[in-house]
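Only heavy atoms go into these numbers, but all of them, side chains included; no hydrogens, no water, no symmetry mates. Note that the numbering runs from 1 along the sequence shown for the chain. The structure displayed is predicted, hence computed values, not measured ones.
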Amino acid sequence: MSQPPIGVLGAMDEEVRRLREALLPTRVETTGGRDYLFGSIAGREVVLAFSRWGKVAAASTATTMIERFGVERILFTGVAGAVDPALGIGDVVVARSLVHHDLDARPFLRRFEVPLLDIVEIPVDERLARAAADAAAEVLDADLDALVPPADRRRFSMERPTVRRGLVASGDRFIADAGEVERLRTDLPGLLAVEMEGAAVAQVCHEHGVGCAVLRTISDRADHSAPVDFRAFVADVASRFSERLVQRTLERLEPSG
Ligand code: ADE
C-alpha cells in the first residue's frame, strides 16, 4: 500500500525553486493561489509548496496539504533571525517547540497561550525533527565546502556552522531591531530564533494530529543589519541548504513512514 505523501513547505520562493529541481514534479495542482507540486525525493512521495510569508499564509497552505492532499507529516524549511547570541549566520536551528511571540490574550489567558489548546509551546514530531537535526549535522560536517564555497562563507561571515535544537518563535513581523530581540530574550527564556511561519504550521499540524518539523537556517541577527544580509543570503546559501537538508532528512526517515 502506498504511504501518504510528506508535505514540504518553504517560506521563500528561492528555496522552493531549488527543491522543485530535486522533485521533478509529475503533477501540479493549483488552489488558493498556490501551486502544490507532486513528485518524489529520496524515494518518498512528496507534496511541495511555497507557503508565502506570514502565519496566515503558512497556516492556510499547511491546512490545504492536510485536508486536500492527505499529508501525514509536514517539514517546514526556511530562514530565521538569531535571538540566542551564540548563534551565527549559517547555523541551523531545528525547533524543539514553537511559540507565537505576538499572541497575547491577557487577561483571559497566559501571555503567548494558544486559545483553547491550553499550551504556550507547540510541540513538534520528535522523530521527524531528530531526522532533520541529524541530517543537518551530517550535511554541515561533510558537504559544507561543496554547498557554500569558502569565498561565500567569508562574504556572509559564516564560521563553522552548527546545529541547535530549541525554542523558535513566530510572529507576523520581520524583526530588525536589537531592542526587540532583547525583549524577546527576556520574555521567552531559552529562545533560539525568530521567524514568521513555524508556530502557525505547528499549530495546524497539532490540531490535525499531523507530525511537524521546522528547520531554519540563521540568515541574520534580527537587528538593524537584518534586511541587508537577508536576500543575498537566501539566494546564495539558504536555498542550497534547504534543498540538501530536506533531501537528507527524507533519506533518514524509516521506510514504513
Ligand atoms: N526570518 C529571517 N530573519 C527574520 C527576522 N529577522 N525576523 C523575522 N523573520 C525572519
Side-chain angles (χ1 to χ4, degrees), residues 2-30 34-53 58 61-62 64-66 69-80 90 92-94 125 127-149 152-153 161 163 195 197-198 201 210-219 231-257:
S2 76
Q3 297 165 15
I6 294 183
V8 176
L9 273 176
M12 308 287 297
D13 193 30
E14 293 90 332
E15 294 171 309
V16 172
R17 249 185 279 146
R18 274 192 194 267
L19 280 163
R20 184 187 181 122
E21 285 159 25
L23 183 72
L24 296 173
T26 52
R27 180 161 69 96
V28 180
E29 289 205 24
T30 302
R34 285 155 181 77
D35 290 337
Y36 294 84
L37 313 172
F38 294 76
S40 70
I41 298 178
R44 320 282 313 204
E45 294 305 307
V46 165
V47 188
L48 169 70
F50 164 41
S51 69
R52 305 182 182 181
W53 290 15
T61 314
T64 300
M65 282 197 160
I66 295 166
F69 303 127
V71 304
E72 287 190 353
R73 287 186 278 189
I74 292 182
L75 176 59
F76 194 99
T77 169
V79 290
V92 173
V93 170
V94 178
D125 179 321
R127 273 201 300 179
L128 186 56
R130 204 169 325 115
D134 290 348
E138 182 198 312
V139 168
L140 294 180
D141 195 42
D143 295 350
L144 188 63
D145 282 346
L147 272 181
V148 190
D152 277 345
R153 294 221 295 278
V163 185
E195 37 87 310
E197 297 85 15
V201 173
V210 163
C212 169
V214 175
L215 175 74
R216 297 281 189 174
T217 305
I218 297 298
S219 57
R231 282 275 177 203
F233 183 83
V234 170
D236 295 344
V237 180
S239 60
R240 290 186 218 154
F241 269 28
S242 282
E243 183 204 348
R244 190 65 60 91
L245 295 182
V246 168
Q247 210 151 3
R248 289 280 198 272
T249 303
L250 297 183
E251 279 168 12
R252 281 176 171 273
L253 294 181
E254 67 294 354
S256 59

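- Applying the side chain to side chain donor-acceptor pair (under 3.5 Å) rule to T77 yields the partners S242; only residues at least two apart in sequence or on another chain are considered.
- Salt-bridge check for R44 with E251: failed, with every basic side-chain N at 4.0 Å or more from each acidic carboxylate O.
- In terms of modelled atom types and a separation under 3.5 Å, the side chain of R18 and the main chain of E243 share no donor-acceptor contact.
- No donor-acceptor pair closer than 3.5 Å links the side chain of R153 to the backbone N or O of P149.
- Between L245 and the options L147, L75, V139, a side-chain contact (heavy atoms from CB on, under 4.5 Å) holds for only V139.
- At a threshold of 4.0 Å, the pair R231-E14 counts as salt-bridged, since one of the basic side-chain nitrogens sits closer than that to a carboxylate oxygen.
- Scanning all heavy atoms of the two residues, the minimum distance from A131 to L253 falls at CB-CD2, 3.8 Å.
- With sequence neighbours excluded, the residues forming a side chain to side chain donor-acceptor pair (under 3.5 Å) with E29 are R27, listed by chain and number.
- Of the charged side-chain nitrogens involved, none lies within less than 4.0 Å of a carboxylate oxygen, so that R130 and D134 do not count as a salt-bridged pair.
- When the side chain to side chain donor-acceptor pair (under 3.5 Å) test is applied to S51, no partner is found at least two apart in sequence or on another chain.
- In this structure a side-chain-to-backbone donor-acceptor pair under 3.5 Å is missing from D143 to A146.
- Not a single side-chain contact (heavy atoms from CB on, under 4.5 Å) links A235 to another residue, sequence neighbours left out.
- R34 is linked by a side chain to side chain donor-acceptor pair (under 3.5 Å) to T61, counting only residues two or more places apart in sequence or in another chain.
- Contacts of V237 classified as side-chain contact (heavy atoms from CB on, under 4.5 Å), with partners at least two apart in sequence or in another chain: V148, F156, M158, F233, F241.
- Summarising the local packing, CZ of R252 is surrounded by more than 12 heavy atoms from other residues, nucleotides or ligands at distances under 6.0 Å.
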